[in-house]
Amino acid sequence: MIEHSTPQKQTPAPKDNATKSSPDNRRAFLKGSAATGVAGTLTASLVAPGRQAAAANAGQRLRIGFIGPGGRGFGAHVRTLCELHGYGRKIDLVGVAEVYETQREMVADYINEKTGTKPATYVDYRDMIEKENLDAVCIGTPDHWHHKQTIDALAAGLNVYCEKPMTKTVQEAFNVEAKWRASGKVMQVGVQSTSLPVWNQIRGLLQDGMLGKILGFQTEYFRNSNVGQWRYYKLLADMNPKKIDWDRWLGLEENLAPEMDFDRAVYKQWRRFWPFGSGMFTDLFVHRTTTMLKATGLRIPGRVVGAGGIYLEYDGRDVPDVATVVADFNEGVQGLITATMCNQESRVNQLIRGHYGTFLLGNGEKFDGFEFVPERRQVTSEGDKQKRVFTEQRIPTETVDNTTKAHFSNFIDACEAGDPMACNNPPDLGAAAMAVVNLGAQSYRNGEVYFVDQQREISDQDPGWAKKWEEKSSRREKPNHIAGWKAGDFGSKLDEPTYMDQAGPWINGKDPAGS
């Protein structure tokens with residue numbers, strides 16, 4: 001277990017010949033940006049970002065810099081954009097900011113090999129933003145840096161591609177969403193499976209009422225490993241304080257993490273430890289949760305609870321190897337996200353349930369279709385018989401060979417169009433997914449149930465969640481529906497049996513049925 005303590009040391013100067021950061025320059029650059037602030041209640045800032053008339057650099061080339069291109073940042077961000085550059089996309093990869101000297105030079109050499117131009121290299125991303133005349137950055141750092149780097153980039157007028165999860169905390173996620181809405185810039189969160197067309201297709205079918213009243217979704221992300229999850233990232237002798245600016249990686253100057261001695265396992269396998277991430281909640285659950293929210297149109301949950309434990313992987317980790325999150329939404333829908341990191345062959349199906357049927361989505365991100373499984377005829381309301389679908393069927397969908405490439409292409413398209421709403425995973429969706437998975441993680445850790453009100457204030461005090469549904473039933477109200485619902489009462493009402501005429505309280509001993 002990593003010990004938590006208050007950071008004391010100041011970040012030392014870089015230990016190599018890469019461009020050094022000037023504190024005065026950084027302060028000047030960040031002045032007035034409120035880079036580290038976290039929004040409380042969000043009001044006027046929650047309007048949709050305005051669609052710019054045209055991209056600021058329409059017809060010109062996008063200058064892109066990389067922040068923390070380590071595992072995913074190199075394997076997906078750098079490699080994919082080099083490939084798209086080779087395909088003729090109007091992008092130039094001009095800067096690399098990375099605290100690990102060996103990784104920094106390897107990435108720069110790779111870009112030079114693939115594009116013919118070697119990017120400038122930096123230890124501190126703020127120097128790169130200040131000096132390279134960028135149009136966009138790609139953020140691939142550990143979770144605890146995402147909020148600050150994103151806010152700094154937006155404040156500098158840059159478009160942002162940020163690897164998932166969008167932030168480390170829910171409050172940070174709400175703040176990023178507000179800053180993005182105010183900025184007019186393009187931002188893509190790196191859940192690449194949101195670039196599958198299937199989610200928009202399903203949302204249209206749900207809104208049209210094919211499943212009737214939507215009741216819930218179920219999703220997963222199972223894995224297994226003989227060494228323990230995330231310990232398969234190899235530790236190398238070259239990973240040492242002479243090569244890695246450890247205090248800068250921690251973010252001591254910014255109070256992003258507690259001070260601690262250098263540890264290769266913490267540096268390379270940081271997902272195992274709470275100060276830097278939330279294990280499967282924010283590494284894996286966020287993938288499936290984001291796509292379920294996109295498919296259903298759901299966003300911020302009203303009630304979240306998490307459970308689990310470390311039941312096998314006793315290897316010094318903080319985060320659980322078995323976990324489940326249950327999220328209830330004000331639309332009258334429940335989401336279940338569950339998995340273990342120690343079993344992979346008994347995965348639960350991804351699915352969406354409604355009163356009249358279910359969409360079965362199987363597992364993974366390769367879709368050429370999905371199954372519609374109808375409910376039995378006897379549950380049909382009398383007025384809905386002509387509109388019901390009673391036959392099981394497979395619904396085809398458009399396939400995508402490489403979702404990462406599609407996701408980055410979508411980001412470039414949005415940047416070129418200057419359209420913040422053109423991204424497949426914008427910050428409003430990223431923030432909603434964080435509200436589900438991170439509150440689930442906090443619930444697991446703290447033993448609390450969390451509630452989110454209409455002003456996005458988070459509390460562990462029950463506002464009467466169960467009571468409000470009981471009161472709706474008592475008043476015989478109509479069910480709530482997902483955003484965009486177009487089907488009226490279809491699949492959303494019950495028939496009244498004639499014998500219910502006999503129901504009701506016997507006041508003063510009098511039969512309510514009159515007999």
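None of the values given here were measured: they were computed from a predicted structure. Numbering of residues begins at 1 and proceeds along the displayed sequence.
Listed by first then second residue, pairs satisfying salt bridge (charged side-chain N to carboxylate O under 4.0 Å, His left out) with a partner in residues 274-289 read K164-D283, E220-R288, R271-D283, R288-E365, not counting sequence neighbours.
For H144, the ring-ring contact (aromatic ring centres under 6.0 Å, His included) criterion is met by W249, F276, not counting sequence neighbours. By the side chain to side chain donor-acceptor pair (under 3.5 Å) test, Q207 pairs with no residue at all, sequence neighbours left out. Remark: W199 pairs with F367 by the ring-ring contact (aromatic ring centres under 6.0 Å, His included) rule, at least two apart or across chains.
D135 has no carboxylate O lying under 4.0 Å from a charged side-chain N of K185, or vice versa, which leaves the two without a salt bridge. Using a cutoff of 4.0 Å between basic side-chain nitrogens and carboxylate oxygens, R181 and E177 are scored as salt-bridged. At a threshold of 4.0 Å, the pair D318-R272 does not count as salt-bridged, since none of the basic side-chain nitrogens sits closer than that to a carboxylate oxygen. The pair K148-E254 does not meet the salt-bridge criterion, since no charged nitrogen lies less than 4.0 angstrom from a carboxylate oxygen.
At a cut-off of 3.5 Å, with distance as the only test, no side-chain donor of T340 or N343 sits close to an acceptor on the other residue. S195 and N424 share a side-chain donor-acceptor pair at under 3.5 Å. Q188 and N425 are not linked by any side-chain donor-acceptor pair at a separation below 3.5 angstrom, with hydrogens and angles left out of the test.
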List the atom pairs, with distances to 0.1 Å, where a side-chain N or O of residues 427-444 and a protein N or O form a donor-acceptor pair under 3.5 Å, not counting sequence neighbours.
unit_1, atom_1, unit_2, atom_2, d
N438, ND2, K168, O, 3.0
S443, OG, G306, N, 2.8
S443, OG, E448, O, 2.5

Determine all donor-acceptor pairs shorter than 3.5 Å in which one atom belongs to a side chain in residues 353-361; sequence neighbours excluded.
unit_1, atom_1, unit_2, atom_2, d
R353, NH2, Q218, OE1, 3.2
Y356, OH, S381, N, 3.1
Y356, OH, D384, OD2, 2.6

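In this structure, P396 and F370 have side chains that are not in contact, with every pair of non-hydrogen atoms separated by 4.5 Å or more.
By the 30° and 60° cut-offs, the orientation of the rings of H287 relative to Y221 is tilted. Ring orientation note: the planes of Y161 and F411 are nearly perpendicular, at an angle over 60° on the 30°/60° scale.
A cation-pi geometry, defined here as NZ or CZ lying under 6.0 Å from the six-membered ring centre and within 45° of its normal, does not hold between K268 and W270. A cation-pi geometry, defined here as NZ or CZ lying under 6.0 Å from the six-membered ring centre and within 45° of its normal, holds between R456 and F174.
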Side chain to side chain donor-acceptor pair (under 3.5 Å), that's the test. Do N330 and K468 meet it? Break it down for me. CA-CA 10 Å; N330 289 301; K468 79 171 183 177; 2.4 Å; yes

Go through V107 and E98 one step at a time and tell me if the side chain to side chain contact (heavy atoms under 4.5 Å, CB included) criterion holds. CA-CA 9 Å; V107 171; E98 166 61 52; over 6 Å; no

